[in-house]
Enquirer: 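Have a look at this one.
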Amino acid sequence: MSKLNVFFTAGCIPGLDILELLKTLQTAGVDRVEIGMPYSDPIVDGPIIQEANKVALANGMSIEKLLKALKNLKNEVSIPVSLMGYLNPVMQYGVEKFVKEAKSCGVEGLIIPDLPAEYFEKEYADLFRENDLKFTFIITPQTTPERIDYFQSLSDGFLYAVSDNSITGKKLNQNKREEYFKALKKLKLKNELYIGFGIRDKSDFDYVTQFANGAIIGTAFLEALQKDDKNYLTTAEKFIKEIKGFKKK
């Protein structure tokens, strides 16, 4: 069955109850979640997620507050949860401290787009293994099969295949990327593969999951939450059920 991975930025809505949102997403049928750690200078994010970062920072969200909000995660949420962000804030917090506290909460893994694999292997791979925290590497249309094998040798985290060499939020061009997706499907992977960037609706979800274990939706989900931020739990449930095609009873 095709899996849905949803992304949202911690603190993107004033008063956002992260744990309640995670429980709502789990009940609605989400298979895994990425929580964005807000940062002032995101390098791969489009306007919607950039704005979510600004709002979150203005709301006072930080790594410390996020981990505090997730302290009961493992007791209340069973789906895998990863944290996604950039290296600088994690280094300022303290990488070892961050890894240990994230794992203690019940976080499954981490995604840091600006952390090169070679640097990860040299500086952090052992720390992650010791704490059973998975690291997710990002694949682009230019990533070679040999490079993907290298990623898989370093971590059991899922592989994040971006649909295009661009920022988040751009519309998916199915015809333009079909050969790339077919090539991904032919790879012999031990790690799960999720396709992200530009996945906005059920049509996109159904299309890309022909070629991968699942799809990642971020920008479209954040847009939906922000349009009705007073009722974000109801909005989240409706959005997920529409993507996965659940019919109303």
Enquirer: Scan V162, L184, I195, L187 and name whichever one has a side-chain contact (heavy atoms from CB on, under 4.5 Å) with I139.
Expert: L184
Enquirer: Name all residues meeting the side-chain hydrogen bond (donor to acceptor under 3.5 Å, both in side chains) criterion together with T24; count only those two or more places apart in sequence or in a different chain, and write none if there are none.
Expert: none
Enquirer: Please tabulate, for the side chains in residues 90-99, all donor-acceptor contacts under 3.5 angstrom to protein atoms that are two or more places apart in sequence or on a different chain.
Expert:
| from | atom 1 | to | atom 2 | distance (Å) |
| --- | --- | --- | --- | --- |
| Q92 | NE2 | N88 | OD1 | 2.7 |
| Y93 | OH | E101 | OE1 | 2.4 |

Enquirer: Please assess K182 against E178 for the test salt bridge (Lys or Arg N to Asp or Glu O under 4.0 Å), listing each intermediate value before the final yes or no.
Expert: CA-CA 6 Å; K182 286 180 177 178; E178 184 151 333; 3.4 Å; yes
Enquirer: Report the residues that fulfil side-chain hydrogen bond (donor to acceptor under 3.5 Å, both in side chains) with D229, sequence neighbours left out, ordered by chain and then residue number.
Expert: none
Enquirer: Drop me the distance from Y180's OH to F211's CZ, to the nearest 0.5 angstrom.
Expert: 12.0 Å
Enquirer: Just to verify, what does E223 make a salt bridge (charged side-chain N to carboxylate O under 4.0 Å, His left out) with, not counting sequence neighbours?
Expert: R200
Enquirer: If I compare all heavy atoms of A10 with all of A56, which pair ends up nearest, and what's the gap?
Expert: O-CB, 3.1 Å
Enquirer: Going by the angle between their ring planes, with limits at 30° and 60°, are F151 and F137 parallel, tilted or perpendicular?
Expert: parallel
Enquirer: What pair of heavy atoms forms the shortest contact from S2 to D31, and how long is it?
Expert: O-OD2, 4.0 Å
Enquirer: Would you please name every residue forming a side-chain contact (heavy atoms from CB on, under 4.5 Å) with Q152, sequence neighbours left out?
Expert: I148, D149, L159, L189, K190, N191
Enquirer: May I ask you to test the F158-N5 pair for a side-chain heavy-atom distance under 4.5 Å?
Expert: yes
Enquirer: How would you list, by chain and number, every residue that makes a side-chain contact (heavy atoms from CB on, under 4.5 Å) with V55, sequence neighbours excluded?
Expert: E51, N59
Enquirer: I'd like to check the salt bridge (charged side-chain N to carboxylate O under 4.0 Å, His left out) partners of E108; sequence neighbours left out, ordered by chain and number.
Expert: R32, K134
Enquirer: Among residues at least two apart in sequence or on other chains, which ones pass side-chain contact (heavy atoms from CB on, under 4.5 Å) with D126?
Expert: R129, E130
Enquirer: Under a 4.5 Å cut-off applied to non-hydrogen side-chain atoms, are L110 and M37 in contact?
Expert: yes
Enquirer: Going by side-chain hydrogen bond (donor to acceptor under 3.5 Å, both in side chains), name the residues that satisfy it together with N213, two or more places apart in sequence or in a different chain.
Expert: none
Enquirer: Donor-acceptor pairs are to be reported for all side-chain atoms of residues 230-237 against protein atoms at under 3.5 Å, with residues two or more places apart or in another chain.
Expert:
| from | atom 1 | to | atom 2 | distance (Å) |
| --- | --- | --- | --- | --- |
| N231 | ND2 | D228 | OD1 | 3.2 |
| Y232 | OH | D17 | N | 2.9 |
| T235 | OG1 | D228 | OD2 | 3.4 |
| T235 | OG1 | N231 | O | 3.1 |
| E237 | OE2 | K241 | NZ | 3.2 |

Enquirer: With sequence neighbours excluded, tell me which residues meet side-chain hydrogen bond (donor to acceptor under 3.5 Å, both in side chains) with E76.
Expert: K23
Enquirer: Mind checking what makes salt bridge (charged side-chain N to carboxylate O under 4.0 Å, His left out) contact with E118, not counting sequence neighbours?
Expert: R147
Enquirer: Please step through side chain to side chain contact (heavy atoms under 4.5 Å, CB included) for the pair Y194 and T136, ending with a clear verdict.
Expert: CA-CA 11 Å; Y194 285 75; T136 285; over 6 Å; no
Enquirer: If you take the centroid of each ring, where Trp contributes its six-membered ring, are F135 and Y124 closer together than 6.0 Å?
Expert: no
Enquirer: Tell me whether L57 shares a hydrophobic cluster with M84, the cluster being built from Ile, Leu, Val, Met, Phe, Trp, Tyr side chains joined at under 4.5 Å.
Expert: no
